[in-house]
Amino acid sequence: MEGESEHNEQRAMKIGQVARELNISVETIRMYETAGLILPEKTGSGQRLFDVNDVFWLNCIRRLIKEQGMNLEGIRRLLALMPCWNIKPCTAKDQQICPAVLKAEQPCWAMKEQLPPICKTANCRECAVYQSASKCTNLKTLLYGIRKRAMALTF
DNA sequence: ATTCTGACA
DNA sequence: TGTCAGCA
């Protein structure tokens, strides 16, 4: 059996283990990361570590692709539409220059360095924006903030 | 044995 | 997406 004897550690899985459990190749998982869909933890040596939420999210990505007719680009752009400014308490001034607010090219966590200080120094894996996205409830609630904002502008 | 990055007959 | 190289 595997070494599942860890206690406080949030039993992080290596890419090979994740690949086996989800029946996908490690190359594919790395590709999802390159596309900005997932943000696995990295050890000092560069080893990717996935927790249960990462695995769950990867599962959602697979379904979006295999059952919902989406592709990597589509998912990436969808995540890029997340109303991070409604989740993260950034100032109006930040929003005027934040690429995550002005553009919808990629998820905010995929361009961390270009973000204002509040987000630039944050741990994206622990940020509500990334976590809510990886919850993969349904795509509409994911964009609820957008609707709220649209309503405010319309009425 | 496993993972990592980068490249591509 | 696969896979082979050359490391760590």
Side-chain angles (χ1 to χ4, degrees), chain A residues 1-85 87-88 90 94-95 97-146:
Chain A
M1 284 307 168
E2 277 72 347
E4 208 168 356
S5 55
E6 273 61 46
H7 299 308
N8 58 34
E9 275 305 320
Q10 312 155 330
R11 53 178 185 182
M13 301 171 62
K14 287 184 295 185
I15 196 169
Q17 302 174 292
V18 177
R20 281 193 293 277
E21 283 193 25
L22 298 181
N23 290 305
I24 56 181
S25 67
V26 297
E27 291 82 12
T28 299
I29 296 177
R30 293 201 188 99
M31 182 188 300
Y32 291 168
E33 183 192 1
T34 300
L37 272 46
I38 56 176
L39 191 65
E41 181 188 336
K42 291 288 189 65
T43 67
S45 60
Q47 287 249 314
R48 273 166 269 249
L49 296 179
F50 303 78
D51 59 28
V52 290
N53 285 315
D54 292 315
V55 177
F56 180 73
W57 173 224
L58 277 168
N59 225 318
C60 292
I61 293 174
R62 295 301 289 174
R63 294 211 311 280
L64 289 174
I65 294 175
K66 295 300 180 183
E67 302 170 16
Q68 308 296 126
M70 291 203 202
N71 56 31
L72 294 190
E73 289 300 289
I75 297 175
R76 182 170 60 74
R77 303 194 80 94
L78 181 68
L79 294 173
L81 290 174
M82 289 228 300
C84 58
W85 56 89
I87 298 175
K88 204 74 176 176
C90 50
D94 286 328
Q95 297 180 30
I97 57 132
C98 183
V101 176
L102 304 177
K103 304 191 349 177
E105 308 284 291
Q106 56 191 328
C108 56
W109 59 78
M111 50 181 178
K112 187 183 178 190
E113 299 310 313
Q114 288 85 273
L115 304 180
I118 338 82
C119 294
K120 186 174 184 179
T121 61
N123 182 325
C124 293
R125 279 180 60 77
E126 296 175 353
C127 177
V129 179
Y130 178 74
Q131 293 192 0
S132 64
S134 56
K135 284 289 184 298
C136 192
T137 52
N138 71 67
L139 306 180
K140 289 187 178 179
T141 58
L142 187 69
L143 301 175
Y144 176 63
I146 293 288

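Within every chain, numbering begins at 1; the chains are lettered A, B, ... in the order of the sequence lines, protein sequences first and strands thereafter. Hydrogens, waters and symmetry mates are skipped; everything else that's a heavy atom, side chains included, is used.
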Which part of the nucleic acid does Glu27(A) contact within heavy-atom distance under 4.0 Å: base, sugar-phosphate only, or nothing?
base
Chain A vs DNA chain C, heavy-atom contacts under 4.0 Å, first-to-last nucleotide span, 5' to 3', is dT1(C) to dT3(C)
Over all strands shown, is Ser45(A) touching base, sugar-phosphate only, or nothing at heavy-atom distances under 4.0 angstrom?
nothing
Taking every heavy atom of Cys119(A) against every heavy atom of Lys88(A), the minimum-distance pair comes out as SG-CG, 3.8 Å
Could you state the atom-to-atom distance from CD of Glu41(A) to P of dT3(B) in whole Å?
16 Å
Tell me every residue that passes side-chain hydrogen bond (donor to acceptor under 3.5 Å, both in side chains) with Arg76(A), counting only those two or more places apart in sequence or in another chain.
Glu73(A)
Interatomic distance where CD belongs to Gln47(A) and P belongs to dA1(B) [whole Å]
16 Å
Pairwise side-chain contact, Arg48(A) with Lys42(A), heavy-atom cut-off 4.5 Å (strictly under):
yes
With side-chain contact (heavy atoms from CB on, under 4.5 Å) as the test, would you mind laying out the steps for Arg62(A) and Leu22(A) before giving the verdict?
CA-CA 9 Å; Arg62(A) 295 301 289 174; Leu22(A) 298 181; 5.5 Å; no
Taking all non-hydrogen atoms of both residues into account, name the closest pair between Met70(A) and Leu78(A) and its distance.
CE-CD2, 4.4 Å
Let me have DNA chain B in dot-bracket notation, would you? Count Watson-Crick plus G-U wobble pairs, both distances under 3.5 Å, and use [ ] for pairs crossing earlier ones and | for inter-strand partners.
.|.|||||.
Heavy-atom closest contact (Cys124(A) atom, Leu39(A) atom, distance):
CB-CD2, 3.4 Å
Atom CG of Leu49(A) to atom C1' of dC4(B): distance rounded to whole Å?
13 Å
Of all heavy-atom pairs linking Gln95(A) and Cys90(A), the shortest is NE2-O, 3.5 Å
Without placing hydrogens or testing angles, list every side-chain donor-acceptor pair under 3.5 Å for residues 52-60 of chain A, not counting sequence neighbours.
residue, atom, partner, partner atom, Å
Asp54(A), OD1, Arg125(A), NH1, 3.1
Asp54(A), OD1, Tyr130(A), OH, 3.4
Asp54(A), OD2, Asp51(A), N, 3.0
Asp54(A), OD2, Arg125(A), NH1, 3.0
Asp54(A), OD2, Arg125(A), NH2, 3.0
Trp57(A), NE1, Leu37(A), O, 2.7

Identify all pairs in which a protein N or O lies below 3.5 Å from an N or O of nucleotides 5-9 of chain B, and state each distance.
residue, atom, partner, partner atom, Å
dT5(B), OP2, Arg48(A), NH2, 2.2

Do the non-hydrogen side-chain atoms of Gln131(A) and Ile87(A) ever get within less than 4.5 Å of each other?
no
Shortest non-hydrogen contact between Phe50(A) and Lys14(A), atoms and distance
CD1-C, 4.3 Å
Contacts table for residues 98-116 of chain A: side-chain donor-acceptor under 3.5 angstrom, sequence neighbours left out:
residue, atom, partner, partner atom, Å
Glu105(A), OE2, Arg77(A), NH2, 3.4
Trp109(A), NE1, Gly36(A), O, 2.9
Lys112(A), NZ, Ala122(A), O, 2.7

